[in-house]
Amino acid sequence: EDQVTQSPEALRLQEGESSSLNCSYTVSGLRGLFWYRQDPGKGPEFLFTLYSAGEEKEKERLKATLTKKESFLHITAPKPEDSATYLCAVQARQAGTALIFGKGTTLSVSS
Amino acid sequence: DAGITQSPRHKVTETGTPVTLRCHQTENHRYMYWYRQDPGHGLRLIHYSYGVKDTDKGEVSDGYSVSRSKTEDFLLTLESATSSQTSVYFCAISEGLGQGGYTFGSGTRLTVV
């Protein structure tokens, strides 16, 4: 069964304190791994897609990496506006375009 | 979100009544999806569409039906609402395989009392 597990469930950081979020996955044939950001009361907002092990993508203070079993979302020198829930999802080769989501990591950054 | 609109944004309905949620897109994307989001479960796929009149079931499709008569509209119907269907419902669109991530709507918060 295809599965996505995110850790930790919640993370509290001080402004400027860098850290990483983890997304481990089990899928029979990975087509792509996706990261989303979700603010309270809003729909998820697309951040990155990673397609193969070793691939990295960056956007401002965020950097996503991918291995054969997991992905990391590195947050460098976070600011309070980075506070949100970060969702990881995988797309399996045999599942068409459907995405399987993890439960998310809720990040809180205090000043 | 630009290009995708969900209606209504909030709805309270009684157990046993039918409910239809609407998703409208202006991006001419082929694929459309309905997800529900619940605490402790994350986002779970209900149904999706890969073209006009072409739909398929997702992980949690029991109690739900969908229709897509036009490229731009994807309707989700709860034939007889139950309290277990209280949730936040999100519609999403995508261009297709290898075309990047989904674009999500702002969601519909449905409460069944």
Side-chain angles (χ1 to χ4, degrees), chain A residues 1-10 21 23-25 27 29-52 55 57 59 62 64 66 71 73 84-106, chain B residues 1-7 9-10 21 23-25 27 29-51 54-61 66 74 87-109:
Chain A
E1 181 184 344
D2 300 331
Q3 197 167 317
V4 178
T5 303
Q6 293 188 245
S7 63
E9 289 185 19
L21 313 182
C23 171
S24 62
Y25 62 91
V27 63
L30 180 70
R31 188 185 301 279
L33 186 140
F34 300 77
W35 282 99
Y36 287 84
R37 170 191 170 125
Q38 186 175 23
D39 293 301
K42 296 189 176 181
E45 175 187 350
F46 172 70
L47 292 174
F48 305 109
T49 307
L50 302 167
Y51 293 104
S52 57
E55 189 175 0
K57 293 273 181 75
K59 180 180 180 179
L62 300 177
L66 181 64
S71 176
L73 185 65
T85 296
Y86 291 86
L87 303 173
C88 172
V90 298
Q91 190 176 62
R93 291 192 181 279
Q94 77 280 8
T97 63
L99 295 185
I100 301 165
F101 282 84
K103 296 178 182 179
T105 294
T106 299
Chain B
D1 288 282
I4 178 170
T5 306
Q6 290 185 235
S7 59
R9 288 298 313 277
H10 303 272
L21 308 183
C23 179
H24 178 77
Q25 62 146 329
E27 304 296 322
H29 285 351
R30 176 182 175 188
Y31 295 86
M32 299 185 75
Y33 312 84
W34 278 107
Y35 281 83
R36 62 178 288 176
Q37 188 173 40
D38 305 288
H41 288 279
L43 282 158
R44 292 179 292 173
L45 181 65
I46 305 171
H47 281 281
Y48 66 99
S49 170
Y50 47 97
D54 293 323
T55 65
D56 206 348
K57 296 179 180 180
E59 177 189 356
V60 291
S61 60
V66 290
F74 193 33
S87 185
V88 180
Y89 292 85
F90 287 101
C91 177
I93 60 175
S94 76
E95 293 182 87
L97 295 174
Q99 298 297 320
Y102 295 177
T103 300
F104 281 85
S106 300
T108 294
R109 180 172 295 275

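Every value quoted in this text rests on a predicted model; they were computed, and no experiment measured them. Sequence lines set the chain letters: A, B, ... in the order given, protein chains first and strands last, and positions in each chain run from 1. Only this structure's heavy atoms are used, side chains among them; waters, hydrogens and symmetry mates stay out.
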request  = Using side-chain contact (heavy atoms from CB on, under 4.5 Å) as the criterion, list what pairs up with Val66(B), not counting sequence neighbours.
outcome  = Trp34(B), His47(B), Thr55(B), Phe74(B), Leu76(B)
key: Under the salt bridge (Lys or Arg N to Asp or Glu O under 4.0 Å) test, residues paired with Asp38(B) that sit two or more places apart   = Arg36(B), Arg44(B)
query = Can you say whether Leu43(B) sits under 4.5 Å from chain A via the side chain, the backbone, both, or neither, judging by heavy atoms?
reply = both
message = If we define contacts as heavy-atom pairs under 4.5 Å, which of Ala89(A), Gly102(A), Ala98(A) has the most with chain B?
response = Ala98(A)
key: Heavy-atom proximity to chain A below 4.5 Å, by part of Gln6(B)   = neither
inquiry  = With a 4.5 angstrom heavy-atom cut-off, is it the side chain or the backbone of Tyr35(B) that approaches chain A, or both, or neither?
reply    = side chain
Distance in Å, Ile100(A) CD1 paired with Gln91(A) CD, rounded so as to fall on 0.5 Å steps = 9.5 Å
query = Does any heavy atom of chain B fall under 4.5 Å from the side chain of Gln38(A), the backbone, both, or neither of them?
reply = side chain
query = With a 4.5 angstrom heavy-atom cut-off, which part of Leu99(A) approaches chain B: side chain, backbone, both or neither?
reply = both
query = Quick one: are Trp35(A) and Cys23(A) in side-chain contact, heavy atoms under 4.5 Å?
reply = yes
message = Tell me the closest heavy-atom pair linking Ala84(A) and Asp39(A), and the distance in Å.
response = CB-OD1, 3.6 Å
